[in-house]
Amino acid sequence: MKKILIAALFASLSTVVLAKLPPVSDEAKAKAAEAAAKAAWAGKVDGYLLCKSMDKVVASYYKTAKAAGKETKPPVATPACADPGAFSYKPPEAAKPLEAAGAHSPAATATSPPSSKTPAAAIAPEKKS
């Protein structure tokens with residue numbers, strides 16, 4: 001009896017787990033994009049702070065080595081630390097619908113007739129073999 005009850009419980013839970021979730025709203029998508037941008041910026045800030053601390057350690061090492069009279073090799077040339085600045089996020093502009101993009105606009109007024117009096121043979125002469 002217990003086995004049947006447990007099996008029925010798992011069967012009912014599996015239908016809840018497999019239920020389809022509602023689609024994500026545009027507002028939630030925008031928040032997720034902003035969170036991703038902020039996380040990327042935080043990574044850049046962390047890299048900048050690490051770079052600055054490594055520069056401090058190197059300067060301290062060369063200072064103490066010079067004071068102790070030790071011979072040191074010249075430092076390896078590395079790019080300067082780049083400060084990422086303050087966080088700023090500009091959401092991307094939504095794509096215009098086709099009607100607003102001018103896809104269904106009427107053709108321009110014709111300024112000349114669509115055909116001319118020049119024969120087709122003169123326009124595209126045949127190749128001679």
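Along the sequence shown, residues are numbered consecutively beginning with 1.
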A.B. asks: Do you know the tightest heavy-atom contact between G85 and W41?
C.D. replies: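 For G85 versus W41, the nearest heavy atoms are O-NE1, 2.9 Å.
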
A.B. asks: Would you name the heavy atoms of C81 and K52 that are closest together and state the gap between them?
C.D. replies: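 The pair with the smallest heavy-atom distance is SG-N, 3.7 Å.
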
A.B. asks: Establish, yes or no, whether the cationic atom of K38 lies under 6.0 Å from the six-membered ring centre of Y89 and within 45° of the ring axis.
C.D. replies: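 The answer is no, since K38 fails at least one limit relative to Y89.
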
A.B. asks: Taking a hydrophobic cluster as the set of Ile, Leu, Val, Met, Phe, Trp and Tyr residues connected by side-chain heavy atoms closer than 4.5 Å, whether directly or through intermediates, do F87 and V45 fall within one such cluster?
C.D. replies: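 Shared cluster, yes.
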
A.B. asks: Please round to the nearest 0.5 Å and tell me the distance separating atom SG of C51 and atom NZ of K56.
C.D. replies: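 It is 12.5 Å, given to the nearest 0.5 Å.
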
A.B. asks: Side-chain contact, heavy-atom cut-off 4.5 Å: Y61 with T72?
C.D. replies: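 A side-chain contact exists here, since the closest heavy-atom pair is under 4.5 Å.
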
A.B. asks: Counting N and O atoms only, with roles assigned by atom type, does the side chain of T64 sit under 3.5 Å from a partner on the main chain of S60, one being a donor and the other an acceptor?
C.D. replies: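 Yes, the answer is positive, given that a donor and an acceptor are paired below the 3.5 Å cut-off.
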
